[in-house]
Amino acid sequence: MTAILAAGLTKAGFELAHNSFFDTITLNTGANTQALYDKAQAAELNLRKLPEQLGISLDETTTTQDIQALFSVFGVNENVADLSVEIASNEFAAIPEALRRTTSYLTHPVFNTHHSETQMMRYLKQLENKDFSLTHGMIPLGSCTMKLNAAAEMIPVTWPEFGAIHPFAPLDQAAGYSALAKDLKEKLCEITGYDDFSLQPNSGASGEYAGLIAIQRYHESRGEGHRNVCLIPSSAHGTNPATASMVSMKVVVVKCDDDGNIDIADLGAKIDKHRDNLSSIMITYPSTHGVYEEQVKEVCEMVHEAGGQVYLDGANMNAQVGLTSPGLIGSDVSHLNLHKTFCIPHGGGGPGMGPIGVKSHLAPFLPGHIENGVEGSDCAVAAADLGSASILPISWAYIA
């Protein structure tokens with residue numbers, strides 16, 4: 001389809017920015033860029049507008065009628081069927097020789113054994129029967145398993161209004177998405193005690209990364225960019241020291257006492273030693289030991305007094321909802337695993353989502369995005385401003 005489109009456009013005198021392509025072409029449209037873009041919008045076709053170029057992406061749902069509609073926008077008088085015949089002899093001309101597949105693929109019998117819907121369904125059921133779930137016994141893996149994936153939450157994901165809209169569609173075409181995201185953020189703020197949220201991070205680990213970047217940017221804005229020491233109790237999640245290392249922080253481990261609580265004396269000693277360079281502490285509450293740290297507020301106050309910020313890992317948020325909140329405890333920023341506490345299914349490694357909540361002083365440092373960024377255009381941590389947007393209706397419905 002893309003080859004047909006490219007052939008018609010070049011015959012009509014348009015110049016391709018690149019002669020090698022798969023499903024996306026870019027046209028050099030110069031001074032006509034805005035006019036052509038507006039004409040496409042009027043025809044209900046979304047193109048990607050660059051300063052003097054237009055990008056067009058096709059996918060497996062594209063039809064010959066779509067190609068014809070694009071031809072109309074660009075004033076192309078070619079016949080789609082005739083162009084198809086022309087390029088059939090060299091369909092892959094736009095894919096460089098060195099990049100064309102020469103080996104066989106999908107050779108496993110599973111790809112050519114099940115020919116009917118019932119055969120396929122029975123095969124999938126066989127796979128399911130191998131799974132060990134809560135219907136068979138206890139799964140000793142905490143928060144990921146503790147939730148209700150009700151049909152009422154899941155159905156909206158199948159609606160094209162949520163599932164078939166492009167992440168970079170103009171915002172005036174995504175008013176419903178924007179309203180849902182805004183309302184979800186307000187609900188999450190109320191639950192957590194934070195002042196603002198970013199729904200961009202695609203996982204808990206990505207949320208941690210975005211949270212620590214926000215802390216770093218906050219310190220830099222105050223002329224304290226040298227603060228790079230991150231205190232992490234030995235009871236923390238393993239992702240915490242990994243994330244701190246990713247953003248080039250120096251990790252300093254704080255001991256725990258015999259009951260699994262943060263050792264306040266050791267914390268005080270580490271704060272005193274690193275006071276001038278203290279960036280933050282990363283704590284998990286309740287801790288990975290399953291402990292509600294009775295001195296958690298004191299921990300936050302000690303770090304704040306030394307000029308540091310408190311990152312509270314939201315992985316165990318299930319155990320807080322309705323009882324307490326990160327904002328009440330004294331934390332400055334947390335990620336929430338929407339696939340844990342707020343019900344998005346998390347099978348086979350995804351889809352996850354780890355939005356970050358922040359107190360107001362960190363809000364200016366939430367991740368932006370160059371396309372439709374709510375928080376500006378800088379420091380994106382995901383390919384789209386709303387991350388895995390299509391699964392937000394699940395958490396919204398669960399909370400509602």
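Sequence positions, counted from 1, serve as the residue numbers for this chain.
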Go through the side-chain N and O atoms of [X] and [Y] and say whether any donor and acceptor fall under 3.5 Å apart.
| X | Y | value |
| --- | --- | --- |
| His335 | Tyr209 | no |
| Ser331 | Tyr194 | yes |
| Asn228 | His219 | no |
| Asn202 | Ser388 | yes |
| Thr63 | Gln65 | yes |
| Asn316 | Gln320 | no |

- [ ] Check Lys270 against Val252 and note the closest heavy-atom contact, atom names and distance.
- [x] CD-CG1, 3.6 Å
Open item on the list: Looking at every heavy atom in both Ala205 and Thr243, which two are closest together, and how far apart are they?
Closed with: O-OG1, 4.2 Å
Should [X] and [Y] count as side-chain neighbours, where that means a heavy-atom distance under 4.5 Å?
| X | Y | result |
| --- | --- | --- |
| Met282 | Asp313 | no |
| Thr324 | Ile329 | yes |
| Asp332 | Val358 | no |
| Ile213 | Phe365 | no |
| Glu294 | Asn261 | no |
| Pro233 | Ile283 | yes |
| Ile344 | Ser395 | yes |

Would you compute the distance between atom [atom1] of [X] and atom [atom2] of [Y] and round it to the nearest 0.5 angstrom?
| X | Y | atom1 | atom2 | answer |
| --- | --- | --- | --- | --- |
| Tyr37 | Leu54 | OH | CG | 9.0 Å |
| Ile215 | Met249 | CD1 | CE | 6.0 Å |
| Arg275 | Arg227 | CZ | CZ | 9.0 Å |

Open item on the list: Given 3.5 Å as the limit, does a donor-acceptor pair link the side chain of Thr341 with the main chain of Asn318, or not?
Closed with: yes
Determine all donor-acceptor pairs shorter than 3.5 Å in which one atom belongs to a side chain in residues 164-184; sequence neighbours excluded.
unit_1 : atom_1 : unit_2 : atom_2 : d
His166 : ND1    : Phe168 : N      : 3.0
Gln173 : OE1    : Asn46  : ND2    : 2.8
Gln173 : NE2    : Asn46  : OD1    : 3.0
Tyr177 : OH     : Phe162 : O      : 2.6
Tyr177 : OH     : Ser390 : N      : 3.4
Ser178 : OG     : Ala174 : O      : 3.1
Lys182 : NZ     : Glu186 : OE2    : 2.8
Asp183 : OD2    : Lys187 : NZ     : 2.6
Asp183 : OD2    : Trp396 : NE1    : 2.8

